[in-house]
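See below for the structure under consideration.
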Amino acid sequence: MQTLLSHGESFTCSGPHYDRVKELWEFDKTKAGVKGLVDSGVTKIPRIFVHPPENLRGLSSDANCIGLQIINHGIPLDVIDNMLEGVKKFHEQQVEVKKELYSRDRTQRVRYFCCGNSFLLKAAAWRDSVIFDFQDGVLDQEVVPPICRLLYPKLLSEALGLGPDYLSRTERMKSEKIPGLYHPACPEPELTLGTINHSDMSFLILLLQDHQGGLQVLHENHWIDVIPVHGALLANIGDFMQILTNNKFKSVEHRVLAAQVGPRVSVACFLSPSRTEKTKSLGPIRELLSENNPPIYKETSLSEYVNYYKSHGLSGNSTLPHFRISDSK
């Protein structure tokens with residue numbers, strides 16, 4: 001097996017037996033990420049990034065949509081542009097600078113890595129990430145955009161017919177994880193994905209993306225391109241919100257395509273439960289239930305859902321059906 005030694009070299013299989021885990025570890029030890037492969041001049045992607053045919057269906061779309069994109073959010077355009085540019089500059093630093101932060105240790109609050117779930121998926125994603133994790137420390141609310149801190153919990157509570165502070169006071173909508181994602185140009189985009197299809201294990205996700213595109217959502221069994229809008233924040237419902245609202249709000253299955261033109265840069269803000277909430281129950285809001293609207297999902301805990309998601313939900317299959325009540329339609 002080759003290692004990434006000089007221009008144009010990449011990881012390959014040796015002999016008839018392909019040791020995927022060994023090749024992943026060899027790649028991971030370089031700490032160069034996908035950007036390092038691109039900089040080395042590869043013209044073919046390593047086998048660890050080649051996805052099975054079922055993951056690659058419908059790569060081209062005949063339809064597009066704008067989606068729920070917020071424009072009048074009060075965040076200046078220069079702040080948004082600088083945030084995206086900052087993520088881009090981080091990933092385009094020399095490897096020797098970035099590698100100091102390279103880690104798969106989830107207890108490390110600021111870390112850089114390539115495709116966090118690559119050892120659990122059938123194939124790695126063509127993506128590098130830098131993540132800021134606030135779960136083990138007090139998050140300075142002043143550094144969080146107001147829209148992440150206040151606006152959406154109130155809007156969603158009122159849309160459900162509840163008091164405007166219902167979700168805010170439960171501490172279920174805290175911003176505790178902010179990844180900066182970088183998808184370099186790919187020499188063989190038809191063989192891989194920037195992010196495999198999935199729905200998010202959170203309540204709400206606010207996404208800031210650049211102009212490159214590549215994000216798709218699944219609608220009526222068809223993949224639809226989401227057209228970027230400069231300066232807009234894209235709002236996605238997560239699995240927790242679907243359970244909480246008893247299917248009134250649906251989580252969004254989505255993916256990101258690899259492309260020959262790049263990089264694609266984005267920043268996501270995951271609104272998820274605080275650490276104190278993760279041992280509490282998760283189920284439909286009682287005030288929303290009635291004889292005509294019985295519970296669709298059984299009561300579980302956030303920790304149980306997370307554990308099941310990590311063991312079953314990383315393959316492109318939804319975790320939600322496992323928690324449905326068997327006789328619900």
Side-chain angles (χ1 to χ4, degrees), residues 32-43 45 49-51 55-71 73 75-93 98 112-116 123-131 145 178-198 200 205-219 222-236 252-270:
V34 178
K35 180 64 164 60
L37 290 175
V38 174
D39 289 345
S40 75
V42 295
T43 57
I45 65 174
F49 292 96
V50 176
H51 282 251
N55 288 359
L56 302 172
R57 294 193 183 107
L59 291 185
S60 60
S61 171
D62 295 326
N64 57 63
C65 70
I66 297 297
L68 179 53
Q69 303 203 46
I70 309 109
I71 300 175
H73 44 62
I75 304 173
L77 278 178
D78 62 332
V79 172
I80 285 175
D81 291 340
N82 288 340
M83 184 180 297
L84 290 170
E85 183 63 21
V87 171
K88 182 173 182 287
K89 285 182 177 179
F90 171 85
H91 287 288
E92 293 180 352
Q93 296 179 103
K98 292 187 295 182
Y112 145 69
F113 51 87
C114 173
C115 183
W126 192 259
R127 181 188 75 232
D128 293 334
S129 305
V130 59
I131 194 166
I178 300 178
L181 309 177
Y182 184 92
H183 300 84
C186 179
E188 295 181 298
E190 70 280 3
L191 298 180
T192 190
L193 288 168
T195 301
I196 192 173
N197 55 298
H198 70 288
D200 288 310
I205 309 92
L206 296 176
L207 179 71
L208 175 63
Q209 58 178 335
D210 66 9
H211 64 282
Q212 289 290 349
L215 177 65
Q216 292 185 328
V217 297
L218 189 64
H219 178 65
H222 293 282
W223 287 105
I224 308 297
D225 293 326
V226 179
I227 305 303
V229 176
H230 182 216
L233 292 172
L234 179 66
N236 279 344
V252 180
E253 186 170 347
H254 55 285
R255 68 182 183 183
V256 177
L257 304 184
Q260 287 186 320
V261 177
R264 176 186 186 270
V265 179
S266 62
V267 178
C269 179
F270 289 87

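When all heavy atoms of Ala258 and Cys186 are compared, the pair lying nearest together is CB-CB, 4.1 Å. Minimum heavy-atom separation, Ser266 to Val87: O-CG1, 4.4 Å. Ile71 approaches Ala232 most closely through the heavy-atom pair CG1-CB, 4.3 Å. Smallest separation of non-hydrogen atoms from Gly33 and Tyr112: N-OH, 3.7 Å. Summarising the geometry of Pro187 relative to Thr43, their closest heavy-atom pair is CB-O, 3.4 Å, with the distance given to 0.1 Å.
Put simply, CZ on Arg255 and CG on Asn55 are 8.5 Å apart, with the number rounded to the nearest 0.5 Å. Note that the NZ atom of Lys35 and the OG atom of Ser40 stand 10.5 Å from one another [nearest 0.5 Å]. The CG atom of Leu84 sits 10.5 Å away from the NE2 atom of His211 when rounded to the nearest 0.5 Å. To the nearest 0.5 angstrom, Phe270 atom CZ is 6.0 Å from Ile205 atom CD1. Rounding to the nearest 0.5 angstrom, the gap separating the NZ atom in Lys88 from the CG atom in Asn82 is 13.0 Å. Separating the CD1 atom in Ile227 from the CD atom in Gln209 is a distance of 9.5 Å, to the nearest 0.5 Å.
A donor-acceptor pair is defined here as one N or O able to donate and one able to accept, closer than 3.5 Å; no such pair exists between the side chain of Ser129 and the backbone of Pro179. In this structure a side-chain-to-backbone donor-acceptor pair under 3.5 Å is missing from Asp128 to Tyr182. Under a 3.5 Å cut-off, the side chain of Glu188 and the backbone N or O of Ile45 do form a donor-acceptor pair. Looking only at distances, a side-chain donor or acceptor of Arg264 sits under 3.5 Å from a matching main-chain atom of Gly213. Under a 3.5 Å cut-off, the side chain of His91 and the backbone N or O of Pro184 do not form any donor-acceptor pair.
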For this session: Decide yes or no on side-chain contact (heavy atoms from CB on, under 4.5 Å) for Lys98 and Val130, but give the supporting numbers first.
Result: CA-CA 10 Å; Lys98 292 187 295 182; Val130 59; over 6 Å; no
- Task: Check the pair His254, Asp200 against side-chain contact (heavy atoms from CB on, under 4.5 Å), reporting the backbone distance first and the verdict last.
- Result: CA-CA 9 Å; His254 55 285; Asp200 288 310; 3.0 Å; yes
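None of Asp225, Asn197, Thr195 except one satisfies the side-chain hydrogen bond (donor to acceptor under 3.5 Å, both in side chains) rule with Gln216; the exception is Asp225.
At a threshold of 4.5 Å between non-hydrogen side-chain atoms, the residues Val267 and Ile178 count as touching. Residues Asn236 and Leu207 fail the side-chain proximity criterion, which asks for heavy atoms closer than 4.5 Å. Taking the side chain as every heavy atom from C-beta outward, Leu257 and Pro189 never approach each other to under 4.5 Å. Contact annotation: the side chain of Phe90 never approaches that of Val265 to less than 4.5 Å [non-hydrogen atoms, C-beta and beyond]. Side-chain contact between Gln69 and Val226 is present, with at least one heavy-atom pair separated by less than 4.5 Å. The closest side-chain heavy-atom distance from Val256 to Leu181 is not below 4.5 Å. Between Gln212 and Val261 the shortest side-chain heavy-atom distance falls below 4.5 Å.
Shown here is His219, whose NE2 atom has no more than 12 heavy atoms of other residues, nucleotides or ligands within 6.0 Å.
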